[in-house]
Amino acid sequence: MIPWIQLDSAKTPDGQQELRLKRRGSEFSIMLGTNELMNSRLSGSEEALAKLSCQRIAGHRQPRVLIGGLGMGFTLRAALAELGRNAEIVVAELVPAVVAWARGPMAEIFAGSLDDSRVTIREADVGKLIRSEPAAWDAILLDVDNGPEGIVHKGNDALYSLAGLGDARSALKPGGVLAVWSQGPDAGFTRRLKQAGFAFEEVNTRANGKRGARHVIWIATNGR
(Lines give C-alpha, C1' and ligand atoms only; values in the text may rest on other atoms or scores of the structure.)
Protein backbone atom coordinates (compact mmCIF):
# COMPACT_ATOMS: atom_id res chain seq x y z
CA MET A 1 0.00 0.00 0.00
CA ILE A 2 1.42 3.38 -1.01
CA PRO A 3 1.42 5.73 2.01
CA TRP A 4 -0.14 9.18 2.03
CA ILE A 5 2.35 12.07 1.99
CA GLN A 6 1.40 15.54 3.19
CA LEU A 7 2.52 18.13 0.64
CA ASP A 8 1.35 21.36 2.23
CA SER A 9 -1.08 22.95 4.67
CA ALA A 10 -2.94 26.24 4.99
CA LYS A 11 -5.12 27.94 7.58
CA THR A 12 -8.83 28.34 6.93
CA PRO A 13 -10.01 31.96 6.50
CA ASP A 14 -10.91 32.27 10.18
CA GLY A 15 -7.45 31.04 11.17
CA GLN A 16 -8.94 28.39 13.45
CA GLN A 17 -8.50 25.24 11.36
CA GLU A 18 -6.01 23.77 8.92
CA LEU A 19 -6.43 22.45 5.40
CA ARG A 20 -3.94 19.76 4.37
CA LEU A 21 -3.01 18.68 0.86
CA LYS A 22 -1.98 15.01 0.68
CA ARG A 23 -0.84 12.73 -2.12
CA ARG A 24 -0.71 8.96 -2.56
CA GLY A 25 0.76 7.99 -5.91
CA SER A 26 -1.35 9.89 -8.45
CA GLU A 27 -4.23 10.45 -5.99
CA PHE A 28 -4.73 13.76 -4.14
CA SER A 29 -6.79 14.54 -1.07
CA ILE A 30 -7.65 17.79 0.72
CA MET A 31 -8.37 17.24 4.40
CA LEU A 32 -9.80 19.34 7.20
CA GLY A 33 -8.86 17.54 10.39
CA THR A 34 -10.15 13.98 9.93
CA ASN A 35 -12.69 15.07 7.28
CA GLU A 36 -11.80 14.58 3.62
CA LEU A 37 -13.23 17.55 1.74
CA MET A 38 -12.32 16.27 -1.71
CA ASN A 39 -10.44 13.51 -3.47
CA SER A 40 -9.12 13.51 -7.02
CA ARG A 41 -10.73 10.10 -7.67
CA LEU A 42 -14.23 11.29 -6.74
CA SER A 43 -15.43 13.95 -9.14
CA GLY A 44 -18.88 12.83 -10.28
CA SER A 45 -21.15 15.14 -8.34
CA GLU A 46 -19.02 18.26 -8.89
CA GLU A 47 -18.99 17.54 -12.64
CA ALA A 48 -22.77 17.09 -12.52
CA LEU A 49 -23.05 20.53 -10.90
CA ALA A 50 -21.50 22.11 -14.00
CA LYS A 51 -23.23 19.94 -16.59
CA LEU A 52 -26.72 20.43 -15.17
CA SER A 53 -26.20 24.18 -14.92
CA CYS A 54 -24.67 24.67 -18.36
CA GLN A 55 -27.41 22.63 -20.01
CA ARG A 56 -29.96 25.12 -18.60
CA ILE A 57 -28.18 28.09 -20.20
CA ALA A 58 -27.22 26.40 -23.47
CA GLY A 59 -29.18 28.97 -25.50
CA HIS A 60 -27.63 32.02 -23.85
CA ARG A 61 -25.28 34.13 -25.96
CA GLN A 62 -21.86 34.86 -24.46
CA PRO A 63 -22.77 33.31 -21.09
CA ARG A 64 -21.10 34.57 -17.94
CA VAL A 65 -20.65 31.96 -15.22
CA LEU A 66 -19.47 32.48 -11.65
CA ILE A 67 -18.11 29.45 -9.78
CA GLY A 68 -17.71 29.69 -6.02
CA GLY A 69 -14.89 27.39 -4.91
CA LEU A 70 -11.96 26.13 -7.01
CA GLY A 71 -11.32 22.89 -5.13
CA MET A 72 -9.67 20.39 -7.46
CA GLY A 73 -11.17 22.00 -10.54
CA PHE A 74 -13.78 19.34 -11.29
CA THR A 75 -16.60 21.88 -11.73
CA LEU A 76 -14.42 24.26 -13.73
CA ARG A 77 -13.23 21.62 -16.18
CA ALA A 78 -16.74 20.28 -16.70
CA ALA A 79 -18.06 23.80 -17.33
CA LEU A 80 -15.32 24.45 -19.89
CA ALA A 81 -16.26 21.23 -21.69
CA GLU A 82 -19.93 22.28 -21.83
CA LEU A 83 -19.58 25.96 -22.78
CA GLY A 84 -18.59 27.46 -26.10
CA ARG A 85 -15.59 29.63 -26.89
CA ASN A 86 -17.53 32.86 -26.24
CA ALA A 87 -18.22 32.04 -22.58
CA GLU A 88 -16.65 33.77 -19.59
CA ILE A 89 -16.00 31.86 -16.35
CA VAL A 90 -14.93 33.55 -13.12
CA VAL A 91 -13.81 31.29 -10.27
CA ALA A 92 -13.77 32.77 -6.77
CA GLU A 93 -11.52 31.00 -4.26
CA LEU A 94 -11.12 32.35 -0.74
CA VAL A 95 -8.00 30.37 0.24
CA PRO A 96 -4.92 31.48 -1.77
CA ALA A 97 -3.13 28.20 -1.03
CA VAL A 98 -5.80 26.27 -2.94
CA VAL A 99 -4.99 28.31 -6.06
CA ALA A 100 -1.28 27.72 -5.47
CA TRP A 101 -1.88 23.96 -5.16
CA ALA A 102 -3.81 24.02 -8.45
CA ARG A 103 -0.90 25.67 -10.22
CA GLY A 104 1.73 23.59 -8.39
CA PRO A 105 1.37 20.02 -7.05
CA MET A 106 -2.02 19.42 -8.72
CA ALA A 107 -1.23 21.10 -12.05
CA GLU A 108 -1.47 17.76 -13.86
CA ILE A 109 -5.08 17.12 -12.86
CA PHE A 110 -6.06 20.72 -13.72
CA ALA A 111 -4.83 19.94 -17.24
CA GLY A 112 -4.25 23.57 -18.24
CA SER A 113 -7.79 24.69 -17.38
CA LEU A 114 -6.55 27.68 -15.38
CA ASP A 115 -4.82 29.00 -18.52
CA ASP A 116 -7.92 28.77 -20.71
CA SER A 117 -8.68 32.24 -22.12
CA ARG A 118 -12.27 31.96 -20.88
CA VAL A 119 -11.19 31.61 -17.24
CA THR A 120 -10.41 34.25 -14.60
CA ILE A 121 -9.38 33.22 -11.09
CA ARG A 122 -10.26 35.66 -8.30
CA GLU A 123 -8.80 35.13 -4.83
CA ALA A 124 -11.91 36.58 -3.24
CA ASP A 125 -15.09 35.89 -1.29
CA VAL A 126 -17.71 34.73 -3.80
CA GLY A 127 -20.40 36.43 -1.71
CA LYS A 128 -18.76 39.82 -2.31
CA LEU A 129 -18.58 39.15 -6.04
CA ILE A 130 -22.26 38.19 -6.06
CA ARG A 131 -23.20 41.44 -4.33
CA SER A 132 -20.96 43.61 -6.50
CA GLU A 133 -22.78 43.37 -9.83
CA PRO A 134 -26.56 43.07 -10.33
CA ALA A 135 -28.06 41.07 -13.21
CA ALA A 136 -24.54 40.07 -14.30
CA TRP A 137 -24.47 36.28 -14.44
CA ASP A 138 -26.15 33.62 -16.52
CA ALA A 139 -25.23 31.02 -13.89
CA ILE A 140 -23.81 31.00 -10.38
CA LEU A 141 -22.42 27.64 -9.24
CA LEU A 142 -21.71 27.24 -5.54
CA ASP A 143 -19.41 24.42 -4.48
CA VAL A 144 -18.37 26.23 -1.32
CA ASP A 145 -17.47 24.38 1.86
CA ASN A 146 -19.70 21.30 2.27
CA GLY A 147 -22.83 23.05 1.09
CA PRO A 148 -25.41 24.85 3.26
CA GLU A 149 -24.01 23.16 6.38
CA GLY A 150 -20.42 24.38 6.14
CA ILE A 151 -17.58 23.01 8.22
CA VAL A 152 -14.59 24.98 6.89
CA HIS A 153 -15.59 28.62 7.35
CA LYS A 154 -18.73 29.71 9.19
CA GLY A 155 -18.79 32.91 7.14
CA ASN A 156 -19.87 30.76 4.19
CA ASP A 157 -23.23 30.20 5.88
CA ALA A 158 -24.33 33.66 4.72
CA LEU A 159 -24.32 32.46 1.12
CA TYR A 160 -27.10 30.01 1.90
CA SER A 161 -29.19 32.28 4.11
CA LEU A 162 -32.40 33.89 2.86
CA ALA A 163 -30.53 37.17 2.42
CA GLY A 164 -27.71 35.41 0.56
CA LEU A 165 -30.17 33.73 -1.79
CA GLY A 166 -31.79 37.10 -2.41
CA ASP A 167 -28.39 38.51 -3.35
CA ALA A 168 -27.81 35.59 -5.72
CA ARG A 169 -31.16 36.09 -7.39
CA SER A 170 -30.41 39.80 -7.87
CA ALA A 171 -27.02 38.94 -9.39
CA LEU A 172 -28.55 36.61 -12.00
CA LYS A 173 -29.87 37.68 -15.36
CA PRO A 174 -33.54 36.84 -16.08
CA GLY A 175 -33.68 33.10 -16.63
CA GLY A 176 -30.31 32.66 -14.93
CA VAL A 177 -29.45 29.60 -12.87
CA LEU A 178 -28.22 29.20 -9.30
CA ALA A 179 -26.75 25.73 -8.74
CA VAL A 180 -25.72 24.57 -5.28
CA TRP A 181 -23.73 21.46 -4.33
CA SER A 182 -24.24 19.82 -0.94
CA GLN A 183 -22.90 16.76 0.83
CA GLY A 184 -26.49 15.82 1.65
CA PRO A 185 -30.15 16.92 1.89
CA ASP A 186 -31.07 20.10 3.74
CA ALA A 187 -34.78 20.77 4.29
CA GLY A 188 -34.10 24.24 5.68
CA PHE A 189 -32.19 25.28 2.58
CA THR A 190 -34.94 23.92 0.33
CA ARG A 191 -37.44 26.02 2.27
CA ARG A 192 -35.29 29.15 1.89
CA LEU A 193 -35.03 28.63 -1.88
CA LYS A 194 -38.83 28.72 -2.05
CA GLN A 195 -38.98 31.81 0.15
CA ALA A 196 -36.42 33.55 -2.08
CA GLY A 197 -38.67 33.06 -5.10
CA PHE A 198 -36.67 30.49 -7.03
CA ALA A 199 -38.19 27.73 -9.13
CA PHE A 200 -35.96 24.74 -8.51
CA GLU A 201 -35.38 21.03 -8.61
CA GLU A 202 -33.36 18.88 -6.23
CA VAL A 203 -31.12 16.33 -7.93
CA ASN A 204 -29.53 13.36 -6.19
CA THR A 205 -26.14 12.32 -7.53
CA ARG A 206 -23.18 10.14 -6.60
CA ALA A 207 -19.55 10.97 -5.93
CA ASN A 208 -18.26 8.46 -8.49
CA GLY A 209 -20.68 7.57 -11.25
CA LYS A 210 -23.16 5.05 -9.82
CA ARG A 211 -21.06 4.52 -6.71
CA GLY A 212 -19.72 6.53 -3.82
CA ALA A 213 -21.37 8.92 -1.38
CA ARG A 214 -24.75 10.41 -2.24
CA HIS A 215 -24.75 14.17 -2.76
CA VAL A 216 -27.45 16.72 -3.57
CA ILE A 217 -27.53 19.48 -6.19
CA TRP A 218 -30.20 22.18 -6.29
CA ILE A 219 -30.80 23.75 -9.71
CA ALA A 220 -32.73 26.99 -9.15
CA THR A 221 -33.95 29.31 -11.90
CA ASN A 222 -34.46 33.07 -11.67
CA GLY A 223 -37.83 33.50 -13.30
CA ARG A 224 -37.90 37.27 -13.44
In the structure I gave you, are the side-chain heavy atoms of [X] and [Y] within less than 4.5 Å of one another anywhere?
{"X": "V177", "Y": "F200", "result": "no"}
{"X": "M1", "Y": "R24", "result": "yes"}
{"X": "I219", "Y": "R56", "result": "yes"}
{"X": "K22", "Y": "M31", "result": "yes"}
{"X": "L19", "Y": "S9", "result": "no"}
{"X": "V91", "Y": "T120", "result": "no"}

Worked verdict on V126 versus L159 for side chain to side chain contact (heavy atoms under 4.5 Å, CB included): CA-CA 9 Å; V126 68; L159 288 170; 3.7 Å; yes
Could you tell me whether the side chain of [X] and the main chain of [Y] form a donor-acceptor pair under 3.5 Å?
{"X": "R169", "Y": "N222", "answer": "no"}
{"X": "S182", "Y": "P185", "answer": "no"}
{"X": "E18", "Y": "A10", "answer": "no"}

Looking at [X] and [Y], what are the two nearest heavy atoms and their distance?
{"X": "W137", "Y": "L129", "result": "NE1-O, 4.4 Å"}
{"X": "M72", "Y": "N39", "result": "SD-C, 3.7 Å"}
{"X": "V180", "Y": "P148", "result": "CG1-CD, 4.5 Å"}
{"X": "L7", "Y": "P105", "result": "CD1-CB, 3.8 Å"}
{"X": "A196", "Y": "L162", "result": "N-CD1, 3.8 Å"}
{"X": "S40", "Y": "S26", "result": "OG-O, 4.1 Å"}

Under 6.0 Å from the [atom1] atom of [X], do we count more than 12 heavy atoms belonging to anything else shown?
{"X": "K128", "atom1": "NZ", "result": "no"}
{"X": "E108", "atom1": "CD", "result": "no"}
{"X": "R20", "atom1": "CZ", "result": "yes"}

Using 4.0 Å as the upper bound for N to carboxylate O, is an ion pair formed by [Y] and [X]?
{"X": "R118", "Y": "E88", "answer": "no"}
{"X": "R103", "Y": "D115", "answer": "yes"}
{"X": "E27", "Y": "R41", "answer": "yes"}
{"X": "R64", "Y": "D138", "answer": "no"}

How far does [atom1] of [X] sit from [atom2] of [Y], to the nearest 0.5 angstrom?
{"X": "I89", "Y": "L66", "atom1": "CD1", "atom2": "CG", "answer": "10.5 Å"}
{"X": "S113", "Y": "I121", "atom1": "OG", "atom2": "CD1", "answer": "7.5 Å"}
{"X": "Q55", "Y": "K51", "atom1": "CD", "atom2": "NZ", "answer": "8.5 Å"}
{"X": "D167", "Y": "L172", "atom1": "CG", "atom2": "CG", "answer": "11.0 Å"}
{"X": "L142", "Y": "L165", "atom1": "CG", "atom2": "CG", "answer": "9.0 Å"}
{"X": "H215", "Y": "S45", "atom1": "NE2", "atom2": "OG", "answer": "5.0 Å"}

Working for side chain to side chain contact (heavy atoms under 4.5 Å, CB included), residues N204 and V216: CA-CA 5 Å; N204 294 302; V216 174; 3.7 Å; yes
Positive for side-chain contact (heavy atoms from CB on, under 4.5 Å) with S53, one of L141, I140, L178, V65: L141
Test side chain to side chain contact (heavy atoms under 4.5 Å, CB included) applied to L42 and F74, step by step: CA-CA 9 Å; L42 303 173; F74 303 136; over 6 Å; no
Cation-aromatic face contact R77/F110, 6.0 Å, 45 degrees: yes
Stepwise side chain to side chain contact (heavy atoms under 4.5 Å, CB included) check, D143 with I67: CA-CA 7 Å; D143 183 8; I67 298 177; 5.6 Å; no
Pair [X], [Y]: side-chain N/O donor-acceptor within cut-off below 3.5 Å:
{"X": "T190", "Y": "W218", "result": "yes"}
{"X": "S29", "Y": "W4", "result": "no"}
{"X": "E46", "Y": "T75", "result": "no"}

Stepwise salt bridge (Lys or Arg N to Asp or Glu O under 4.0 Å) check, D116 with R85: CA-CA 10 Å; D116 191 293; R85 298 305 306 175; 3.8 Å; yes
In one Ile/Leu/Val/Met/Phe/Trp/Tyr side-chain cluster, 4.5 Å: I5, M106: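 In one cluster: yes.
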